[in-house]
Trainee: 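Dropping a structure here in structure tokens format, bear with me for questions.
The structure displayed is predicted, hence computed values, not measured ones. Within every chain, numbering begins at 1; the chains are lettered A, B, ... in the order of the sequence lines, protein sequences first and strands thereafter.
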Number of protein chains: 2
Amino acid sequence: MVQFVHPQRDEITLAGVLAALADPMRLRIVKSLAAQNDCMSCTEAAPCPDMAKSTLSNHFRILREAGLIRTSKQGVQHRNVLREEDINARFPRLLKMILSFPE
Amino acid sequence: MVQFVHPQRDEITLAGVLAALADPMRLRIVKSLAAQNDCMSCTEAAPCPDMAKSTLSNHFRILREAGLIRTSKQGVQHRNVLREEDINARFPRLLKMILSFPE
DNA sequence: TTCAATAGTTCAATACTAATGAACTATTGA
DNA sequence: TCAATAGTTCATTAGTATTGAACTATTGAA
């Protein structure tokens with residue numbers, strides 16, 4: 001049984017968040033989650049269709065360990081949700097601002 | 001003669017800026033430059049005294065190529081200045097916000 | 001119950017990036 | 001002219017990313 005590691009709110013660091021968002025693919029994943037405003041499976045939130053699933057899985061792990069998303073299991077899928085409240089509490093308005101830029 | 005490569009304003013990317021700022025040492029360099037509000041040499045803006053100068057040089061190169069700083073030569077030193085106007089034009093308020101967080 | 005399909009993870013291999021010491025370049029001042 | 005200073009570049013080593021292959025867990029159908 002896979003157990004996911006999520007940092008507590010106060011363990012989330014600025015460098016960790018920026019590093020996680022500094023990858024174009026991960027930025028797209030986070031944008032998808034923010035736009036959806038709901039849980040998404042890994043494949044639903046995949047930034048491009050031809051990415052190896054091991055690579056995709058790794059990106060989700062990095063987002064999870066940076067504290068940007070929370071993952072839970074539901075059936076055969078993983079439900080990923082953006083930790084907006086936690087990020088906003090740590091770094092007010094940062095996430096919204098970064099996601100507001102067009103690229 | 002060393003020639004520095006600086007991206008044009010419109011070549012500055014969000015992922016590039018975030019990646020450059022995602023390193024704690026580079027974040028400290030940028031904070032020093034922002035606090036100084038003036039040119040600083042590489043050693044003046046060094047984030048810690050025991051860093052190898054090749055490493056320091058590499059960090060400045062990454063900041064330069066991301067468009068965060070502009071470097072010019074003045075005598076034996078390099079004068080580094082934060083490209084606040086360019087970054088603000090591309091990503092309004094982003095830099096100020098990131099630098100406002102305590103860590 | 002068995003078995004195939006689905007959704008992800010983990011592992012091992014390879015490719016890329018970062019950190020460092022050593023050697024180098026350019027400028028200054030004695 | 002020569003030593004000191006400030007950085008860069010290069011080669012090596014260490015760490016991180018990407019990927020295919022093998023694996024785990026869950027579901028739905030036969």
Trainee: Please report the closest heavy-atom contact between P47(B) and L56(B), naming both atoms and the distance.
Mentor: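 Looks like CD-CD1, 3.7 Å.
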Trainee: Between T43(A) and dG8(C), does any side-chain N or O lie under 4.0 Å from OP1 or OP2?
Mentor: yes
Trainee: Could you state the CE-C1' distance from M51(B) to dG21(C), rounded to the nearest angstrom?
Mentor: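 Computing the M51(B):CE to dG21(C):C1' distance gives 15 Å.
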Trainee: Would you kindly give the CG-to-C1' distance between L56(B) and dT20(C), to the nearest whole Å?
Mentor: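 After rounding, the reported distance stands at 13 Å.
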Trainee: Which nucleotide sits closest to the side chain of V76(B): dG20(D), dT20(C), dA26(C)?
Mentor: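 That would be dA26(C).
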Trainee: Roughly, in whole Å, what's the span from CE in M40(B) to P in dG7(D)?
Mentor: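 In whole Å, dG7(D) P and M40(B) CE are 11 Å from each other.
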Trainee: Mapping R79(A) and R61(B) onto DNA chain C by nearest heavy atom, which one lands closer to the 5' end?
Mentor: R79(A)
Trainee: Do F60(A) and H78(A) have ring centroids that are under 6.0 Å from one another?
Mentor: no
Trainee: Picking from dT8(D), dA6(D), dA7(C), which would you name as closest to the side chain of Q77(B)?
Mentor: dA6(D)
Trainee: Examine dG8(C): is either OP1 or OP2 under 4.0 Å from a nitrogen or oxygen in the side chain of S41(A)? Give yes or no.
Mentor: yes
Trainee: Using a 4.5 Å cut-off on heavy atoms from C-beta on, say whether the side chain of T13(B) contacts that of L18(B).
Mentor: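 A side-chain contact is absent here, since even the closest heavy-atom pair is not under 4.5 Å.
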Trainee: Is atom CZ of R9(B) surrounded by more than 12 heavy atoms (other residues, nucleotides or ligands) closer than 6.0 Å?
Mentor: yes
Trainee: Can you figure out which of dA19(C), dA21(D), dG8(C) approaches the side chain of D23(B) most closely?
Mentor: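 Looking only at heavy atoms from C-beta outward on D23(B), the closest nucleotide is dA19(C).
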Trainee: T55(A) near the nucleic acid: base, sugar-phosphate alone, or nothing, with a heavy-atom cut-off under 4.0 Å?
Mentor: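 Touches a base.
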Trainee: Under 4.0 angstrom, heavy atoms only, what part of the nucleic acid is S57(B) near: base, sugar-phosphate, or nothing?
Mentor: base
Trainee: Quick one: which of dT6(C), dG8(C), dT20(C) gets closest to the side chain of K53(A)?
Mentor: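 Among dT6(C), dG8(C), dT20(C), the one nearest the side chain of K53(A) is dG8(C).
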Trainee: Give a yes/no answer on whether the side chain of H78(B) brings an N or O atom under 4.0 Å of OP1 or OP2 in dA26(C).
Mentor: no
Trainee: Output the rounded distance in Å from NZ (K73(A)) to C1' (dT9(C)).
Mentor: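 The answer, rounded to whole Å, is 9 Å.
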Trainee: Distance check: side-chain N/O of R26(B) vs OP1/OP2 of dA18(C), anything under 4.0 Å?
Mentor: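 For dA18(C), neither OP1 nor OP2 has a side-chain N or O of R26(B) closer than 4.0 Å.
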Trainee: For the side chain of N58(B), starting at C-beta, report the closest nucleotide among dG7(D), dT27(C), dA18(C).
Mentor: dA18(C)
Trainee: Say whether, by atom type as modelled, one donor and one acceptor occur between the side chain of R26(A) and the main chain of A20(A) under 3.5 angstrom.
Mentor: yes
Trainee: Give a yes/no on whether any side-chain N or O of H59(A) is located under 4.0 angstrom from OP1 or OP2 of dT18(D).
Mentor: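 Affirmative; the distance criterion is met.
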